[in-house]
Colleague: 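One structure is given below, represented as structure tokens, and several questions about it will come after.
Index from 1, following the sequence.
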Amino acid sequence: MKRINTILISIAVSAAAMFTTSCVNDLNVTPIDPNIQTPEDVLNSIEAYQQLLAKCYGGLSVSASEGPDSSPDIDGIDGGYGQYMRALFHLQELPTDEASVCWNDQTIKSLHGLSWTTSDVFVTAMFSRIYYQIGLCNEFIRRAEAAEEFQGEEMDYMLAQARALRALSYYHAIDLFGNVPFATEDNSVGASGPDQILRYDLYEWLVNEIDGEDGFRDDLRPAASTEYGRTSQEFATMLLAKIYLNAEVFTADDPQGRPVISAWDECAAESKKIVDTYSLPSEWQWNFSADNNLCPEIIFAVQSDGANIQTYGSTNFVIKGSIVSGNPDWQAALGTNDGWGGLVVTPQFLDLFDESTDQRFLFTDGSEFGEQAHTREIIDNSNFASGWCQMKFTNLKHDGSPADNSTSSYPDTDYPIFRAADAYLMLAEAQLRKGGIQADGLAAYNAVRERAGLGSSSSVTLDDILDERARELYWENMRRQDLVRFGLLTSSTYLWDWKGGSYQGNSVDDRYNLYPIPTTEINSNSKLKQNPGY
């Protein structure tokens, strides 16, 4: 059973919880309730710091300190759609061929239509979550470094974990928002807000923060000796590989005219470390089942637990969002007791599969559960019966038995952030982009295919890589990034249902390769400049 222990101290889950009109305007510590203890009263033992670090982890899993949505950590952001992993799904999956939603909640249709604005609530929710996490980690680092009486090996280890979690959120920031507000434990953020860092500089900071002379990777522990759910040296390696994979995107169009950085050799080298360490278990769906905390392929995942870690986001969202309401057979097939009827995939994405042989083709039109068959095409993007539904994420164990939680109201299934198959495909792509795939890269690519029940290939193209990544990693919050890297998110080269707001699909302006800095941030911090085109 998984559990995130948090200490509800008056650090007020750091001033990141003080967000009102601005998410990053003040990262100083101010108690929400002046009648409760101050941080200095509570942070009086190494155990207290351990519990505060747990809050940094918990911020990825839940939106509130008690229950799924009792009192959201961030003022003005709904605890459901504002949960970190659900907000990430909104921005990484809904604008692509991998996911569409039939709901009419506020501006959610604008995501799949690639027509969002600077005031979009779902964009603001992700931005807010990112900087809430960064604020938590900064405050932990600041206070932990100042606690002279508790310095030692355990504190060094906790500091490395906090830095790793902060780097993860800055990685999401550079990917989604480009030039972003930047603050660390060393910055004194005043009323005017933090400075804005260029995307190019943030790329270089991230590389150095992970693997520079004072980088945190060596202060983490190997995965073999790391408690499940914590960051490890392999976590750092995967994060660094992902940053190198997208180096050309992250360093393009630099306002200072610096040359684009290509880091294919570096990406291949880091990916190879994972390939040499992790083999792929034969059961692919184990990665997305209620006992995936035992799956040897997962390097890092955001935890869920039906009893102890409850949320309306994360895997609860992707499982229930894929099931029609009121159909007990469909619900039982995914090990839950409810359906929200909202999320489907496009026919163009389904067309990427060999449906007869690929074991990863886990989709349904609902007819096997007694429903009138959904159309394969999303003819009406406000109707759940338009589009097929995923069966990849499930709240059953990988052997088909029930999850450990008793009610099935909330899943036990953790949401993978990093798993080994991604590194296998990154190795192949990096080698191919550098000049030609090598034997180990081709073997890695084929290992992914062979596990899925497909034949091996003697050659591979970049288009093959992109399609294999879609089949292997769908709904793991990577598709938008991949389409941007391949130049396909906004172009007319690849269209899908309702791209650009029309059934046939349209190209869109290239500004939609990045999200805008939310209007609330621009208005509250004169140091920030909006992304081009917004």
Side-chain angles (χ1 to χ4, degrees), residues 2-4 6 13 16-17 19 23 55-95 98-99 101 103 105-108 111 120-133 136 165 168-169 172 176 229 288 290 292 300-323 334-343 390 392-395 403 405 407-417 475-478 480:
K2 294 156 276 187
R3 181 186 299 272
I4 294 178
T6 59
V13 288
F19 296 139
C23 300
K55 180 62 186 180
C56 297
Y57 282 100
L60 297 174
S61 294
V62 295
S63 301
S65 296
E66 296 181 6
D69 195 18
S70 59
S71 180
D73 294 324
I74 305 173
D75 290 346
I77 300 297
D78 180 84
Y81 69 72
Q83 189 271 334
Y84 198 105
M85 296 305 295
R86 179 169 174 175
L88 186 63
F89 183 98
H90 284 155
L91 269 58
Q92 293 284 30
E93 296 292 354
L94 285 182
E98 286 191 356
V101 63
W103 299 325
D105 298 350
Q106 300 183 83
T107 57
I108 199 165
L111 295 176
D120 189 282
V121 295
F122 298 100
V123 174
T124 301
M126 183 73 252
F127 187 93
S128 302
R129 266 293 154 190
I130 286 172
Y131 279 95
Y132 178 80
Q133 280 297 112
L136 283 176
L165 292 172
L168 177 66
S169 287
H172 290 144
L176 296 167
F288 322 105
N292 62 350
F300 183 74
V302 172
Q303 295 187 65
S304 296
D305 184 278
N308 298 307
I309 309 172
Q310 299 179 349
T311 176
Y312 294 131
S314 201
T315 53
N316 198 28
F317 164 66
V318 297
I319 293 171
K320 291 183 178 179
S322 306
I323 304 171
L334 291 183
T336 188
N337 63 359
D338 194 11
W340 299 345
L343 297 172
Q390 72 87 31
K392 168 181 176 176
F393 286 89
T394 171
N395 191 36
N405 69 69
T407 66
S408 299
S409 294
Y410 301 95
D412 278 1
T413 311
D414 299 339
Y415 211 137
I417 295 281
W475 284 30
E476 294 179 59
N477 302 312
M478 300 182 198
R480 174 203 148 270

Colleague: What heavy-atom pair brings Tyr84 and His172 nearest, and what distance separates the two atoms?
Modeller: OH-ND1, 2.8 Å
Colleague: Return yes if some donor-acceptor pair links the side-chain N/O of Gln133 with the main-chain N/O of Tyr57 below 3.5 Å, else return no.
Modeller: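 No; zero donor-acceptor contacts below 3.5 Å.
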Colleague: Can you tell me how far the CD atom of Gln390 sits from the OG atom of Ser322, to the nearest 0.5 Å?
Modeller: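 The OG atom of Ser322 is 4.0 Å from CD of Gln390, to the nearest 0.5 Å.
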Colleague: Rounded to the nearest 0.5 Å, what separates atom CG in Leu334 from atom CG in Asn395?
Modeller: 9.0 Å
Colleague: First locate atom OG1 of Thr413, then atom CG of Asp305, and finally report the distance between them rounded to the nearest 0.5 Å.
Modeller: 10.5 Å
Colleague: State, to 0.1 Å, how close Ser304 and Ser314 come at their nearest heavy-atom pair, and which atoms those are.
Modeller: OG-OG, 3.8 Å
Colleague: Considering non-hydrogen atoms only, spot the tightest contact between Met126 and Leu91 and give its length.
Modeller: CB-CD2, 3.6 Å
Colleague: Got a donor-acceptor contact below 3.5 angstrom from the Gln310 side chain to the Gly306 backbone?
Modeller: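 Side chain of Gln310 to backbone of Gly306: a pair is present.
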Colleague: Could you tell me the separation between the CD1 atom of Ile108 and the CG atom of Asp120, rounded to the nearest 0.5 Å?
Modeller: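 Reported to 0.5 Å precision, the distance equals 9.0 Å.
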Colleague: Show your working on side-chain contact (heavy atoms from CB on, under 4.5 Å) between Leu168 and Leu60 and close with a plain yes or no.
Modeller: CA-CA 10 Å; Leu168 177 66; Leu60 297 174; 4.2 Å; yes
Colleague: For the atom pair CG (Asn337) and NZ (Lys320), what is the distance rounded to the nearest 0.5 Å?
Modeller: 5.0 Å
Colleague: Are a donor atom and an acceptor atom from the side chains of Ser63 and Tyr312 found within less than 3.5 Å of each other?
Modeller: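 No pair is found: no donor N or O on one side chain lies under 3.5 Å from an acceptor on the other.
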Colleague: So, for Ser169 and Ile130, which heavy atoms are closest and what is the spacing to 0.1 Å?
Modeller: O-CG2, 3.5 Å
Colleague: Among Phe89, Phe393, Trp475, which residue satisfies the ring-ring contact (aromatic ring centres under 6.0 Å, His included) criterion with Phe317?
Modeller: Phe89
Colleague: Check the pair Met85 / Thr315 against side-chain contact (heavy atoms from CB on, under 4.5 Å), numbers first and verdict last.
Modeller: CA-CA 8 Å; Met85 296 305 295; Thr315 53; over 6 Å; no
Colleague: For the pair Leu176 and Gln92, evaluate side-chain contact (heavy atoms from CB on, under 4.5 Å) and give the outcome as yes or no after the intermediate values.
Modeller: CA-CA 8 Å; Leu176 296 167; Gln92 293 284 30; 3.8 Å; yes
Colleague: Minimum heavy-atom separation for Arg129 and Val62, please, with both atom names.
Modeller: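 Taking Arg129 first and Val62 second, the nearest heavy atoms are NH1-O, 3.9 Å.
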Colleague: Taking all non-hydrogen atoms of both residues, which atom of Asn316 and which atom of Pro411 are closest, and how far apart?
Modeller: OD1-CD, 3.4 Å
Colleague: What is the distance from atom NE2 of His90 to atom CG of Asn477, rounded to the nearest 0.5 Å?
Modeller: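 It is 10.5 Å, given to the nearest 0.5 Å.
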Colleague: Just do the side-chain contact (heavy atoms from CB on, under 4.5 Å) check on Glu98 and Met478 with the steps written out, would you?
Modeller: CA-CA 10 Å; Glu98 286 191 356; Met478 300 182 198; over 6 Å; no
